[in-house]
S.K.: 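My structure is below; once you've seen it, I'll send some questions.
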Amino acid sequence: KTKDKDCIVNVYGWGVGTTYFYANRKPCSRFFLVNLLPKIYESEYKESLINNPPAAIVYTLLGADLDVNRFEKDIFNYTKVLLNCYILDNEQKELYFPKYEKDRLANCIKDNS
């Protein structure tokens with residue numbers, strides 16, 4: 001459901017790299033392991049997702065070994081972004097696709113992240 005040039009995001013856990021490998025898609029940020037996101041790059045992480053909105057987001061808390069509530073409060077509110085900017089896939093319950101085209105999606109992410 002995505003194009004070859006599209007980027008995607010798999011948010012939490014140490015195994016997120018396998019998603020990019022098997023989907024043959026690039027991550028939307030150079031920081032694809034949020035567990036290792038240095039504090040000085042938190043704003044860059046958020047900006048990269050606004051400027052390059054994900055064509056799909058895989059969101060599950062299984063395997064998350066960081067304080068998800070703090071991450072979503074202080075860095076990027078995936079819960080709010082998914083609620084307002086994305087639609088849950090009918091077949092895969094951890095997979096979300098955009099509600100809007102790129103420009104409107106970027107604004108939605110900016111307003112909700």
Side-chain angles (χ1 to χ4, degrees):
K1 295 182 181 181
T2 61
K3 298 176 185 137
D4 289 346
K5 64 181 176 73
D6 289 339
C7 70
I8 61 172
V9 170
N10 186 342
V11 186
Y12 300 116
W14 290 101
V16 299
T18 60
T19 301
Y20 305 113
F21 179 78
Y22 288 112
N24 198 26
R25 300 292 180 269
K26 293 183 179 185
C28 298
S29 170
R30 67 184 179 131
F31 303 104
F32 66 93
L33 287 172
V34 296
N35 305 55
L36 300 176
L37 181 64
K39 186 154 187 67
I40 62 170
Y41 294 114
E42 290 173 352
S43 61
E44 179 187 327
Y45 178 79
K46 183 175 181 175
E47 287 299 315
S48 65
L49 298 178
I50 293 168
N51 294 331
N52 195 19
I57 297 177
V58 178
Y59 185 88
T60 179
L61 298 179
L62 294 175
D65 64 347
L66 73 153
D67 185 343
V68 172
N69 291 329
R70 186 201 69 79
F71 182 86
E72 294 202 8
K73 178 181 171 266
D74 297 340
I75 301 168
F76 194 89
N77 193 334
Y78 275 102
T79 301
K80 191 174 176 186
V81 166
L82 292 174
L83 180 66
N84 294 299
C85 310
Y86 285 79
I87 299 168
L88 181 64
D89 185 67
N90 289 330
E91 298 169 16
Q92 303 237 350
K93 297 301 178 190
E94 299 167 348
L95 183 60
Y96 294 79
F97 292 103
K99 286 183 182 178
Y100 310 111
E101 295 298 319
K102 191 172 183 172
D103 289 340
R104 189 168 175 202
L105 180 60
N107 288 328
C108 185
I109 292 171
K110 183 178 181 180
D111 293 343
N112 289 283
S113 60

S.K.: Once you round to the nearest 0.5 Å, how far does CG of Asn112 lie from CZ of Phe76?
M.R.: 9.0 Å
S.K.: Look up atom CG in Leu82 and atom CD1 in Ile109, then write down how far apart they are to the nearest 0.5 Å.
M.R.: 9.0 Å
S.K.: Give the minimum heavy-atom separation between Tyr45 and Val9, together with the two atoms involved.
M.R.: OH-CG1, 4.5 Å
S.K.: Out of curiosity, does Ile8 fall in the hydrophobic cluster containing Tyr22 (side-chain heavy atoms, cut-off under 4.5 Å, transitive links)?
M.R.: no
S.K.: Which value, rounded to the nearest 0.5 Å, describes the distance between Ile57 atom CD1 and Asp89 atom CG?
M.R.: 13.0 Å
S.K.: About how many Å separate OG1 of Thr79 and NZ of Lys73, when rounded to the nearest 0.5 Å?
M.R.: 14.0 Å
S.K.: Quick one: do Val58 and Leu83 end up in the same hydrophobic cluster if we chain Ile, Leu, Val, Met, Phe, Trp and Tyr together by side-chain heavy atoms under 4.5 Å apart?
M.R.: no
S.K.: According to a 4.5 Å side-chain heavy-atom criterion applied to Ile, Leu, Val, Met, Phe, Trp and Tyr, with indirect links allowed, do Leu95 and Tyr12 form part of one hydrophobic cluster?
M.R.: no
S.K.: Please work out which of the three classes, parallel, tilted or perpendicular, describes the rings of Tyr59 and Tyr96, given edges at 30° and 60°.
M.R.: perpendicular
S.K.: Restricting to pairs with a member in residues 14-99, which pass disulfide bond (SG atoms under 2.5 Å apart), not counting sequence neighbours?
M.R.: Cys7-Cys28, Cys85-Cys108
S.K.: For the residue pair Tyr86 and Lys99, what are the closest heavy atoms and their distance?
M.R.: O-CE, 3.3 Å
S.K.: One pair to check against side chain to side chain contact (heavy atoms under 4.5 Å, CB included): Arg104 and Asn107. What are the steps and the verdict?
M.R.: CA-CA 5 Å; Arg104 189 168 175 202; Asn107 288 328; 5.6 Å; no
S.K.: Could you state the interatomic distance from NZ (Lys26) to NZ (Lys5), rounded to the nearest 0.5 Å?
M.R.: 12.5 Å
S.K.: Provide the closest heavy-atom pair for Pro38 versus Leu36 in the form atom of the first, atom of the second, distance.
M.R.: CD-O, 3.0 Å
S.K.: For atom NZ of Lys3, is the number of surrounding heavy atoms from other residues, nucleotides or ligands below 6.0 Å larger than 12?
M.R.: no
S.K.: Can you tell me if Asp65 has over 12 outside heavy atoms packed within less than 6.0 Å of its CG?
M.R.: yes
S.K.: Passes side chain to side chain contact (heavy atoms under 4.5 Å, CB included), Arg70 versus Ile75? Steps please.
M.R.: CA-CA 8 Å; Arg70 186 201 69 79; Ile75 301 168; 3.8 Å; yes
S.K.: Minimum heavy-atom separation for Val68 to Ala64, with atom names?
M.R.: CG2-CB, 3.9 Å
S.K.: Hey, is the main chain of Lys80 close enough, under 3.5 Å, to the side chain of Asn84 for a donor-acceptor pair?
M.R.: yes
S.K.: Are the side chains of Phe97 and Thr2 in contact, using a 4.5 Å heavy-atom criterion?
M.R.: yes
S.K.: Same cluster or not: Val81 versus Leu61, using hydrophobic residues (I, L, V, M, F, W, Y) connected whenever any side-chain heavy atoms lie under 4.5 Å apart?
M.R.: yes
S.K.: After noting the C-alpha distance and the side-chain angles of Leu49 and Tyr78, does the key distance pass the side chain to side chain contact (heavy atoms under 4.5 Å, CB included) rule?
M.R.: CA-CA 11 Å; Leu49 298 178; Tyr78 275 102; 3.1 Å; yes
S.K.: Taking Tyr41 as the starting point, is it possible to reach Leu66 by hopping between hydrophobic residues whose side chains are less than 4.5 Å apart?
M.R.: yes
S.K.: Heavy atoms only: give me the nearest Pro54-Pro98 pair and the separation to one decimal.
M.R.: O-CG, 3.7 Å
S.K.: I need the Leu37 CG to Lys39 NZ distance, nearest 0.5 Å.
M.R.: 9.5 Å
S.K.: Is it true that Arg25 and Asp4 make a salt bridge, defined as a side-chain N closer than 4.0 Å to a carboxylate O?
M.R.: yes
